[in-house]
Amino acid sequence: MLNKFYKRKEMQKIAADQGLDARLFHQAFISFRKYVLEISMLSADLHIIFNDICCGAGHIDDLYPYFMRHAKQIFPMLDCMEDLRKISDLRVPANWYPEARAIQRKVIFHAGPTNSGKTHHAIQRYLAAKSGVYCGPLKLLAHEIFEKSNNAGVPCDLVTGEERTFMDEEGRQAEHVACTIEMCSVTTPYEVAVIDEIQMIRDISRGWAWTRALLGLCAEEIHVCGEPAAINFVTELMYTTGEEVEVRNYKRLTPFSILDHAVESLDNLRPGDCIVCFSKNDIYSISRQIEIRGLECAVIYGSLPPGTKLSQAKKFNDPEDPCKILVATDAIGMGLNLSIKRIIFNSLVKPNINEKGEKELDTISTSQALQIAGRAGRFSSIFKEGEVTTMYRDDLPILKEILSRTVDAIETAGLHPTAEQIEMFAYHLPDATLSNLIDIFVSLSQVDGMYFVCNIDDFKFLADMIQHIPLNLRSRYVFCTAPINKKQPFVCTSFLKFARQFSRDEPLTFDWVCRHVSWPLVPPKNIKDLVHLEAVHDVLDLYLWLSYRFMDMFPDANHVREIQQELDSIIQVGVRNITRLIRATETNAPPGTNPLSNQRRLGPSPVSPRRVRGAPKAQDSGVEGWQLDKSLGSRLVQEGLLTPDLLRQLQKEWSKVHRQEEEGVKLVAGNNKTKGNKKKKK
């Protein structure tokens, strides 16, 4: 009877009207069935209903009120569904910013590719204004505008998640401020606001910050800089606020060309080359191979501290320095001025987070490829023309095809639930965990076709991690918005300790932090040490981030910043000697393992699995190549890019391919032998 009830489409439809979507309906039914089948004595009214149905005097649908009664016990929000729906209504986010709606803003879109001068023109207007705010995606970019503004005689403050620098000695705010976009104020009035890299409004994790800035900044002029692919969307979005958009188009200042040949070997590197990889292991391996050839190289990747990135960029740019090669991730796509002649893509496949929050390997998009390729031959560099190619011959036609496409037009902007909205939810659902509150909010949220709710998996990860720690809701929410690298165990452990110490109302002093990170630290002896130092730098960043939100509980920000700068210098020493660290790592590795394996990555070809880089060719024995494939598979499983089941399936398929190849070789050999015998007989 219960299963028949579950399959009734009419019941599912009525339940949906009461707030039980398909997922919640399924969960509620599983719980209801378990309750009915396992309880020792049913309530009298429900017992009578079942009896009537058995005797033909009732209908299966009569179970619905009892099912809903049970559902409301496990999903309390069903009793206040209308209120919750109103709170999570995200259909008109422009109305969240009454100060911005109270003025008539002029929106100017500076559209153009990388190295077209679009941001430069916006910044000139920013510097000429009586007051202004610059909103950028990176600390490095905010820092660059901060320095440029003050050097031009325009006093400017710096505000990032981890840093506040006021030019006035008494701490009064300057009329101009450069900030990371999440930190911009939507209540302070300005004459000019600059929003950089507007195409990131569609980013599944951070897009909400660009939406908030675009809709909420109180500035007479909003200067938006970014790809032409965002023009139509921004124009349409501003139409909903009654504001017109003026578009100014820019062309690239220096040309770049796609070469007709791949590099194919590190022996063919030239001064001004930048090899772009999408994994740190590839960076380590290629750096080592370059050193073996007697060349020096600089190294830049995302998890390096800003000071180390700038130091490596300066080393590469210095014409007097013997370092003429750069090995980097796509971290060079924004925020660094580099003197690059030729961009070389070592791979075209990059790990991404899809819309469902799942990790997947995918070929880079046209937008990503153009952002990276555009770093070649920048206007301010010594190279007046840029070149782009690939390391491997197979990838070159794919790169040409990617760069020939038009960039996908932006169609939606990100949104994120605010602390106030979550607090209102908690008022109605006092027993729900923060992670559950977020889940319920997202499931009930209503957005129109121009918006989407950003991925909140990182937020939920942190919420679940500190759920057992007693914190008030607002503090818990702030902790969960902290920008931490959840891949680093030491960072996650530190986050947990910070929250626990905070909950005890015990200030996290400088001495406490030093004991926790084992300060003072020494230069790294191998790659493992370097990775740990990077994690410690992230932990100090977390302390500084929290210190601006809970000043009394994180009181020693200045001292922590001092040791963080020292740590940055220590990391710089390690990165300058990175090939020595790689050698030490290889020397200390257990026999039979390769700690910095540079296997052939999974290529973008959808037709068949590609051979692992370094594996034997078709005429070689297949065993060795398969072992390399297996090693790559293990790595992909560890990184969460491949499931064990999928790996086993691939192993079966590849084994089958190898057997077929071997049988084919034997068959050809047998035929040749037969022909040879016939000739001998003749």
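Aromatic ring orientation, H110 versus H223: parallel (interplanar angle below 30°, classes split at 30° and 60°).
Annotation: cation-pi geometry not satisfied between R248 and F109 (NZ/CZ under 6.0 angstrom from ring centroid, within 45° of ring axis). Figure legend: K118 and Y250 shown without cation-pi pairing, the cationic atom not lying both under 6.0 angstrom from the six-membered ring centre and within 45 degrees of its axis. Judged by a 6.0 Å distance limit and a 45° cone about the ring axis, R212 is not positioned over the six-membered ring of W208.
Between the side chains of D408 and S365, no donor-acceptor pair of N or O atoms lies under 3.5 Å. In the model, S475 has a side-chain atom that pairs as donor or acceptor with a side-chain atom of N472 under 3.5 Å. In the model, S367 has a side-chain atom that pairs as donor or acceptor with a side-chain atom of E227 under 3.5 Å. Between the side chains of D157 and Q173, not a single donor N or O lies within less than 3.5 Å of an accepting N or O. Of the N and O atoms on the side chains of E144 and Y134, not one donor lies less than 3.5 Å from an acceptor on the other residue. Side-chain contact, K280 with S303: a donor N or O sits under 3.5 Å from an acceptor N or O.
Salt bridge R125/E221: present, at least one basic N to carboxylate O contact under 4.0 Å. The pair E220-R105 does not count as a salt bridge, with every side-chain nitrogen at least 4.0 angstrom from each carboxylate oxygen. With respect to K139 and E163, no salt bridge is recorded, no charged nitrogen being found less than 4.0 Å from a carboxylate O.
Among the candidates N558, V560, T160, the single residue satisfying the side chain to side chain contact (heavy atoms under 4.5 Å, CB included) test with L544 is V560. Shown are W512, F479, F550; of these, the ring-ring contact (aromatic ring centres under 6.0 Å, His included) with F498 is made only by W512. Residue K350 forms a side chain to side chain contact (heavy atoms under 4.5 Å, CB included) with just one option from I364, D362, T329, and that option is I364.
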D439/K460 under salt bridge (Lys or Arg N to Asp or Glu O under 4.0 Å): CA gap, chis, key distance, verdict: CA-CA 9 Å; D439 268 342; K460 285 177 57 186; 2.9 Å; yes
Check against side-chain hydrogen bond (donor to acceptor under 3.5 Å, both in side chains), N317 and S339: CA-CA 6 Å; N317 289 339; S339 193; 4.8 Å; no
May I have the step-by-step check of side-chain hydrogen bond (donor to acceptor under 3.5 Å, both in side chains) for Q421 and E423, ending in yes or no? CA-CA 5 Å; Q421 289 167 327; E423 280 180 337; over 6 Å; no
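R206 meets the salt bridge (charged side-chain N to carboxylate O under 4.0 Å, His left out) test with E182; sequence neighbours excluded. In this structure K315 satisfies the side chain to side chain donor-acceptor pair (under 3.5 Å) test together with E296, sequence neighbours excluded.
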